[in-house]
Amino acid sequence: MVIHRGCVRRTALILALGLWVLHVTLSEAASLSGTVSLDEKPIADAVIYLERAQPHSPSSKNEPIVIEQRNLTFSPKVSPVVQGATVKFVNSDNVTHGIFSPSTGAEKLNLGTYSHGESRLLKFTTPGEVVLLCHIHLEMEARVLVLKDPYFARTTDDGHYAVTNVPPGAYLLRVWRKQ
């Protein structure tokens with residue numbers, strides 16, 4: 001699949017298709033958009049991401065990504081972030097939360113307990129999937145997907161996504177969704 005300068009190509013991805021190699025050519029950034037579906041049903045909260053084929057230094061983002069605890073749920077439930085990004089966990093509930101992660105290979109995430117209006121910051125440095133849970137409210141669950149490159153999008157409820165400003169180069173196109 002080749003995407004040319006200024007071209008937006010609609011791509012329907014079936015999760016079972018696996019891995020695609022993407023080449024962005026010419027000197028200007030490109031965009032990729034489409035729909036993710038499985039058995040002709042749209043997939044919400046999947047992550048479409050591009051990994052550079054060549055090794056590089058991870059970039060960091062200055063503005064923290066916000067994951068809010070509201071109505072005893074995480075919002076959003078899936079958060080793709082670039083390696084080195086800081087996530088701000090904000091408690092908007094009128095109850096105490098104790099956010100942690102049992103994920104192996106991830107940072108040993110345990111934010112302790114914190115009340116309404118309080119927040120915690122955490123920098124994610126290791127690529128991979130991080131499960132978020134609450135010690136107090138066992139029904140709460142979310143995912144952070146830590147990616148090496150900043151070229152990603154989360155699908156909407158109808159399965160649509162758009163990855164923008166992809167610079168020239170060779171990339172692996174991947175699709176992730178919660179199992």
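Since we're looking at a predicted model, the values are computed, not measured.
- Of all the heavy atoms in A162 and A153, the pair that sits closest is O-CB, 3.2 Å.
- You'll find the side chain of N110 reaches within 4.5 Å of the side chain of H135, heavy atoms only.
- Among the candidates L133, T73, L72, the single residue satisfying the side chain to side chain contact (heavy atoms under 4.5 Å, CB included) test with E139 is L72.
- Atom OG1 in T96 sits 10.5 Å away from atom OH in Y114 (nearest 0.5 Å).
- Of all heavy-atom pairs spanning G159 and P42, the tightest one is N-CB, 3.8 Å.
- K178 meets the salt bridge (Lys or Arg N to Asp or Glu O under 4.0 Å) test with E141; sequence neighbours excluded.
- The cluster map of Ile, Leu, Val, Met, Phe, Trp and Tyr, joined by side-chain heavy atoms under 4.5 Å apart, puts V146 and L109 in the same cluster.
- Remark: D45 engages R154 in a salt bridge (Lys or Arg N to Asp or Glu O under 4.0 Å) (not counting sequence neighbours).
- Interatomic distance, I43 CD1 to D158 CG, rounded to the nearest 0.5 Å: 12.0 Å.
- The shortest distance between side-chain heavy atoms of L38 and R177 falls below 4.5 Å.
- With rounding to the nearest 0.5 Å, the separation of CD1 in I67 from CG in N91 is 13.5 Å.
- The minimum heavy-atom distance linking Y161 with T155 is given by the pair CB-CG2, 4.1 Å.
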| query | Going through the checks in order, is the side-chain contact (heavy atoms from CB on, under 4.5 Å) test met by F124 and V87? | reply | CA-CA 8 Å; F124 287 84; V87 174; 3.5 Å; yes
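- Minimum interatomic distance between K123 and G84 (heavy atoms only, all atoms of both residues): CE-O, 3.1 Å.
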| Does the side-chain contact (heavy atoms from CB on, under 4.5 Å) test come out yes or no for R143 and V131, once each step is laid out? | CA-CA 5 Å; R143 300 283 194 283; V131 176; 3.7 Å; yes
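- Proximity of V81 to V144: side-chain heavy atoms (C-beta onward) are separated by under 4.5 Å at one or more points.
- With a 4.5 Å cut-off on side-chain heavy atoms, I65 and T86 do not count as touching.
- Here the side chains of S37 and E40 are not in contact, with every heavy-atom distance at 4.5 Å or above.
- With sequence neighbours excluded, no residue satisfies salt bridge (Lys or Arg N to Asp or Glu O under 4.0 Å) with R120.
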| Checking side-chain contact (heavy atoms from CB on, under 4.5 Å) for the pair Y49/L145: CA distance, chi angles, key distance, verdict? | CA-CA 10 Å; Y49 63 101; L145 187 61; 4.2 Å; yes
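- You'll find the side chain of P80 reaches within 4.5 Å of the side chain of F152, heavy atoms only.
- For E51 and K148, the salt-bridge test fails: no basic side-chain N is under 4.0 Å from an acidic carboxylate O.
- Rounding to the nearest 0.5 angstrom, the gap separating the SG atom in C134 from the CZ atom in F100 is 8.0 Å.
- Under the side chain to side chain contact (heavy atoms under 4.5 Å, CB included) rule, L50 has a single partner from L147, L173, D149, which is L173.
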| task | Kindly indicate, with the supporting measurements, whether the criterion side-chain contact (heavy atoms from CB on, under 4.5 Å) is fulfilled by W176 and V78. | result | CA-CA 11 Å; W176 172 95; V78 174; 3.6 Å; yes
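- Side-chain contact between V175 and V47: absent, with no pair of heavy atoms (C-beta onward) separated by less than 4.5 Å.
- Side chains of E68 and S92: a donor on one and an acceptor on the other come within 3.5 Å.
- Between L132 and F89 the shortest side-chain heavy-atom distance falls below 4.5 Å.
- H116 NE2 to Q69 CD: the interatomic distance, rounded to the nearest 0.5 Å, is 12.0 Å.
- Counting all heavy atoms, side chain and backbone alike, A46 lies closest to V36 at CB-CG1, 4.4 Å.
- A side-chain N or O of S101 and one of S103 form a donor-acceptor pair less than 3.5 Å apart.
- One distance of note links NE2 of H137 with CD1 of I99; it measures 9.0 Å at 0.5 Å rounding.
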